[in-house]
Amino acid sequence: MVEIKLHNSKTRKKEVFTPINSDNVRMYVCGPTVYDRAHLGNARPVVVFDVLNRLLRHVYGEDHVTYVRNFTDVDDKINATAKARKDAGAEGTMEELIAARSDETIKWYLEDMEELGAREPDHMPRATQYIEQMIAMSQDLIDKGHAYAAEGHVLFAVDSYKKYGALSGRSVDDMIAGARVEVAPYKRNPMDFVLWKPSDENTPGWDSPWGKGRPGWHIECSAMAFELLGETFDIHGGGNDLQFPHHENEIAQSCCAHGEDTFAQYWLHNEMLQVEGKKMSKSLGNFFTVRDLLDQGTTGEVIRYVFLQTHYRKPMNWTELKADQATKHLSNYYRLLADLGRTYWEDETRSGIVADEFVSALADDINGSLALHHLHDLAKEARSKRNFPEKVKPLLERLHGALVLLGFNPAKSEALWFFIETDEKDLLGTNETGPNIGVFGWVGISEIEKGVLFRVGRKWWELRTQGQYNLADELRDEILSLGLMLEATKNGAQVKAPKPVSMEKLEPLL
RNA sequence: GGCGAGUUGGCGGAGUGGUGACGCAGCGGAUUGCAAAUCCGUGUACACGAGUUCGAUUCUCGUACUCGCCUCCA
């Protein structure tokens with residue numbers, strides 16, 4: 001059994017990970033509040049914990065891991081959008097409009113995260129589906145003397161939990177001293193937080209022992225983790241901005257309801273994503289969405305690769321340069337993998353060979369950067385032995401396996417398939433045997449665009465073989481200026497288009 | 001103000017108690033009609049100060065700077 005080490009925020013140390021039950025390793029990750037498109041910062045924990053999920057499944061077995069990630073669909077920003085739509089004349093009740101907004105946003109989120117190669121968790125509970133459990137848990141906390149009802153609210157009494165603040169290393173007194181928030185008069189202690197709050201006609205509400213209302217933010221994760229993973233489970237993850245107060249409050253609620261030392265045993269927190277050295281956040285307004293990047297032609301795999309380069313506990317700066325380098329690396333790997341041939345890739349049962357060095361890298365507190373460097377070394381070795389097919393094949397299978405472990409999917413990459421396809425036959429559909437023109441296109445390239453790229457490559461090759469070097473060089477310069485890459489090999493030419501290219505500009509060159 | 005994290009070459013970014021991966025860029029070479037790709041070779045770095053040690057970039061303390069949390073946020 002591979003020994004996995006994880007940095008546990010609870011102890012602030014890297015610890016050997018020992019699951020409570022290795023037949024069912026349980027992980028809960030705080031998911032998004034579904035009020036709009038996910039910004040790039042939202043994607044970082046998704047990728048980080050996706051890699052961990054893959055590692056755990058590799059080590060403990062595909063069916064021996066339970067991964068839960070929630071959707072927070074009780075939120076004032078969702079309500080606001082629903083209200084705005086209603087005011088603008090949208091059909092339906094407020095409840096329906098709220099649900100429609102959440103449904104729409106969840107759909108976007110899942111589509112965008114799939115582009116990043118993130119597997120869907122086993123359970124993706126929505127807060128609105130667990131209101132009953134949240135009410136029950138709040139009542140239980142009142143019964144046990146850890147919470148109290150006041151003016152239609154239910155509040156958690158932080159004084160009732162001695163360890164409050166342990167996760168984030170804060171003392172209640174210090175926080176009160178430095179608090180910048182106005183304290184509601186019904187709170188016994190200024191740090192007491194809301195489990196339940198009253199709703200008016202403009203906000204969604206559910207009947208409860210304390211009147212019509214809705215849950216506070218923190219209680220949902222405690223209730224859903226309990227329902228789906230039990231009192232005690234292995235890993236709880238999320239962004240480090242959630243450490244306080246969200247995770248602190250989750251611990252207080254769950255441990256007071258279910259007992260000391262219950263709830264998560266290992267807490268993992270990813271650092272924030274930065275843009276120009278500043279945290280990407282809503283209040284700074286310096287964010288862009290995953291969809292924005294995808295629409296600009298940066299593939300999800302490139303985003304994943306860039307994320308993997310920086311250790312999850314360090315701030316990561318997103319830059320164009322990194323995206324360009326990642327594009328280049330991935331394209332090189334896929335081009336190498338094409339050498340495994342069509343027969344290999346057509347067999348869907350193949351997933352490559354997972355070499356130990358990659359597992360070790362990830363097992364050392366998810367060191368994605370190190371894994372990527374191993375990837376590079378492996379590719380280098382494979383390239384150097386390219387003229388010895390029997391030696392190269394196992395190396396490429398390891399490259400394949402490593403990419404899969406890291407969450408890339410070369411078998412489904414259109415870029416790879418396109419390369420194999422055009423490398424072996426004339427894309428124009430004629431039977432003539434011609435030069436070997438390889439084309440390496442971006443994901444989602446159309447048949448027509450493939451044909452244009454192919455003809456561009458063939459024309460360049462023909463000019464070269466005819467000795468018309470001036471014309472060939474002229475054509476090459478124009479092609480390069482459009483962002484394409486060209487390579488001459490012994491038997492033909494290769495055209496690489498990592499990003500979408502305007503066909504209107506390419507066609508006149510033919 | 002309280003708490004926490006970080007500071008490695010031109011840029012990015014690992015790692016280590018015994019002088020420091022790797023990638024990109026640069027430079028030199030092989031190759032090429034010229035390129036590209038590939039291969040080979042190559043220079044510069046561990047914020048600053050003190051301490052522990054035979055020896056620290058790696059451990060401890062201090063200083064500076066950066067960033068985060070304390071407010072919706074991943």
Side-chain angles (χ1 to χ4, degrees), chain A residues 7 9 12 29-33 35-36 38-49 69 72 75-77 165 167-182 191 217 237-248 269-274 277-284 287 306 308-317 319 321-322 324-326 328-329 331-332 335-336 361 364 367-377 379-380 383-384 386-387 438 460 464-465 467-470 472-473 476-477 479-480 484-490 493-496:
Chain A
H7 178 90
S9 305
R12 283 148 220 225
V29 174
C30 288
T33 302
Y35 63 91
D36 207 346
H39 71 239
L40 192 63
N42 291 298
R44 170 116 106 140
V46 174
V47 171
V48 166
F49 292 105
R69 186 183 64 213
T72 299
D75 175 76
D76 289 344
K77 289 187 284 294
L167 176 72
S168 52
R170 292 149 201 270
S171 82
V172 172
D173 291 342
D174 284 349
M175 285 189 286
I176 292 169
R180 295 184 219 162
V181 276
E182 223 173 287
M191 294 313 293
W217 173 35
N240 74 349
D241 54 343
L242 295 182
Q243 195 169 6
F244 186 89
H246 187 54
H247 291 160
E248 198 69 62
H269 291 100
N270 62 277
E271 249 293 350
M272 298 293 101
L273 188 119
Q274 303 187 339
K278 291 280 182 191
K279 174 184 169 183
M280 177 180 264
S281 76
K282 280 150 211 164
S283 50
L284 291 174
F287 65 92
V306 171
L308 251 31
Q309 278 184 319
T310 304
H311 187 90
Y312 77 94
R313 282 192 292 109
K314 286 195 169 182
M316 199 210 84
N317 203 11
T319 65
L321 182 68
K322 286 184 184 178
D324 288 345
Q325 288 182 5
K328 204 171 158 187
H329 284 131
S331 128
N332 283 155
R335 201 169 49 134
L336 269 175
D364 185 10
N367 194 336
S369 177
L370 190 59
L372 253 28
H373 287 301
H374 289 323
L375 214 54
H376 180 265
D377 290 342
K380 193 171 181 177
R383 232 179 264 120
S384 72
R386 240 179 146 171
N387 293 325
W460 183 58
R464 288 168 60 92
T465 49
Q468 302 189 56
Y469 294 123
N470 286 344
D473 291 352
R476 180 188 61 202
D477 292 344
I479 293 169
L480 294 181
L484 298 169
M485 291 183 262
L486 271 180
E487 290 170 28
T489 67
K490 281 182 185 171
Q494 295 181 347
V495 184
K496 291 162 67 180

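Labels below follow one simple rule: chain letters A, B, ... track the order of the sequence lines, proteins then strands, and each chain is numbered from 1.
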Identify each atom pair where a protein N or O and an N or O of nucleotides 24-30 of chain B are less than 3.5 Å apart, giving names and distance.
unit_1: B/rC24; atom_1: O2'; unit_2: A/Q325; atom_2: NE2; d: 3.1

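- Counting any heavy atom pair closer than 4.0 Å across all strands shown, A/Q309 reaches sugar-phosphate atoms only and no base atom.
- For A/F244, there are no ring-ring contact (aromatic ring centres under 6.0 Å, His included) partners at least two apart in sequence or on another chain.
- Protein atom OH of A/Y312 is 12 Å distant from nucleotide atom P of B/rG6, rounded to whole Å.
- B/rG41 and B/rC27 make up a base pair, with Watson-Crick or G-U wobble contacts both under 3.5 Å.
- One C1' atom belongs to B/rG17, the other to B/rC54, and the distance between them is 12 Å to the nearest Å.
- Taking atom CG on A/N470 and atom C1' on B/rC34, their separation rounds to 10 Å, with Å as the unit.
- Here OG1 of A/T310 is found 9.0 Å from CG of A/L273. Values are rounded to the nearest 0.5 Å.
- Taking 4.0 angstrom as the limit, A/K322 places a side-chain polar atom (N or O) nearer than this to OP1 or OP2 of B/rG13.
- Out of B/rC69, B/rC72, B/rA14, the shortest distance to the side chain of A/T310 is found at B/rA14.
- A 3.5 Å limit on both hydrogen-bonding distances identifies no Watson-Crick or G-U partner for B/rU32.
- In this structure, the CD atom of A/E248 is 17 Å from the C1' atom of B/rU71, given to the nearest Å.
- The side chain of A/N367 lies closest to B/rA14, out of B/rA14, B/rG12, B/rC73.
- Residue A/K314 places at least one side-chain N or O closer than 4.0 Å to OP1 or OP2 of B/rA14.
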So which protein N/O to nucleotides 65-67 of chain B N/O distances come out below 3.5 Å?
unit_1: B/rC67; atom_1: OP1; unit_2: A/K278; atom_2: NZ; d: 3.0
unit_1: B/rC67; atom_1: O2'; unit_2: A/Q274; atom_2: NE2; d: 3.1

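- Taking atom CZ of residue A/F244 and atom P of nucleotide B/rC73, one finds them 13 Å apart after rounding to whole Å.
- A search for ring-ring contact (aromatic ring centres under 6.0 Å, His included) contacts involving A/H329 returns A/Y305, not counting sequence neighbours.
- In this model, no side-chain donor or acceptor of A/H373 finds a partner on the base of B/rA14 within 3.5 Å.
- When the P atom of B/rC34 is taken as reference, atom CH2 of A/W460 falls 13 Å away, rounded to whole Å.
- Residue A/R69 is classed as having no contact, given no heavy-atom separation below 4.0 Å to the nucleic acid.
- By the salt bridge (charged side-chain N to carboxylate O under 4.0 Å, His left out) test, A/K314 is found to be paired with no residue, residues two or more places apart in sequence or in another chain being considered.
- Nucleotide B/rG17 is matched to nothing when pairs are restricted to Watson-Crick or G-U wobble geometry with both distances under 3.5 angstrom.
- In the set B/rC73, B/rG13, B/rG33, B/rG33 carries the atom at the smallest distance from any side-chain atom of A/D473.
- Regarding A/N317, its CG atom lies at a distance of 8 Å from the P atom of B/rG12, rounded to whole Å.
- Few gaps surround CG on A/D477; more than 12 heavy atoms of other groups in view lie less than 6.0 Å from it.
- Along RNA chain B, the nucleotide nearest to A/S281 and the one nearest to A/G169 differ in position, and the one closer to the 5' end is contacted by A/G169.
- Here the side chain of A/A488 is nearest to one of B/rC72, B/rA14, B/rA35, namely B/rA35.
- In this structure A/R313 satisfies the salt bridge (charged side-chain N to carboxylate O under 4.0 Å, His left out) test together with A/D365, sequence neighbours excluded.
- Whole-Å rounding puts the A/L370 CG to B/rA14 P distance at 10 Å.
- Between the side chain of A/E248 and the main chain of A/S168, a donor-acceptor pair closer than 3.5 Å is present.
- Residues satisfying the side-chain contact (heavy atoms from CB on, under 4.5 Å) criterion with A/A38, sequence neighbours excluded, are A/N42, A/Y109, A/M113.
- A/H39 contributes a side-chain N or O that forms a donor-acceptor pair with the base of B/rA74 under 3.5 Å.
- Backbone-only engagement by A/S168 is indicated by non-hydrogen atom pairs under 4.0 Å involving sugar-phosphate atoms exclusively.
- Pairing for B/rG1 goes to B/rC70, judged as Watson-Crick or G-U wobble with the two contacts each under 3.5 Å.
- By the salt bridge (charged side-chain N to carboxylate O under 4.0 Å, His left out) test, A/E487 pairs with A/R335, A/K496, sequence neighbours left out.
- Both A/P45 and A/D377 lie close to RNA chain B; mapped to their nearest nucleotides by heavy-atom distance, the more 5′-ward contact belongs to A/D377.
- In this structure, of B/rC70, B/rA14, B/rC72, it is B/rC70 that holds the atom nearest to the side chain of A/R170.
- Backbone-only engagement by A/R12 is indicated by non-hydrogen atom pairs under 4.0 Å involving sugar-phosphate atoms exclusively.
- Listed by chain and number, the residues in a ring-ring contact (aromatic ring centres under 6.0 Å, His included) with A/H374 are A/F358 (sequence neighbours excluded).
- Contacts of A/W460 classified as ring-ring contact (aromatic ring centres under 6.0 Å, His included), with partners at least two apart in sequence or in another chain: none.
- For a distance-only test at 3.5 Å, the side chain of A/R464 qualifies as a donor-acceptor partner of the base of B/rG33.
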Contacts under 3.5 Å, N or O only, protein and nucleotides 39-44 of chain B:
unit_1: B/rC39; atom_1: OP1; unit_2: A/R383; atom_2: NH1; d: 3.3

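- Between the P atom of B/rA37 and the CZ atom of A/R476 lies a distance of 11 Å, rounded to the nearest Å.
- To the nearest whole angstrom, the two P atoms, one in B/rU44 and one in B/rG20, are 10 Å apart.
- Note: A/L167 CG to A/R12 CZ = 7.5 Å, rounded to the nearest 0.5 Å.
- Judged as a salt bridge (charged side-chain N to carboxylate O under 4.0 Å, His left out), and not counting sequence neighbours, the contacts of A/D473 are A/R476.
- Nucleotide B/rA56 has no partner under the Watson-Crick or G-U criteria, as no pair reaches both atom distances under 3.5 Å.
- Within 4.0 Å (heavy atoms only), A/M280 reaches at least one base atom of the nucleic acid.
- Backbone-only contact: A/S369 has heavy atoms under 4.0 Å from sugar-phosphate atoms and none from a base.
- Under the Watson-Crick and G-U wobble criteria, each requiring two contacts below 3.5 Å, nucleotide B/rC48 is paired to B/rG62.
- Using a 4.0 Å heavy-atom criterion, one finds that A/L273 contacts the bases of the nucleic acid, with or without backbone contacts as well.
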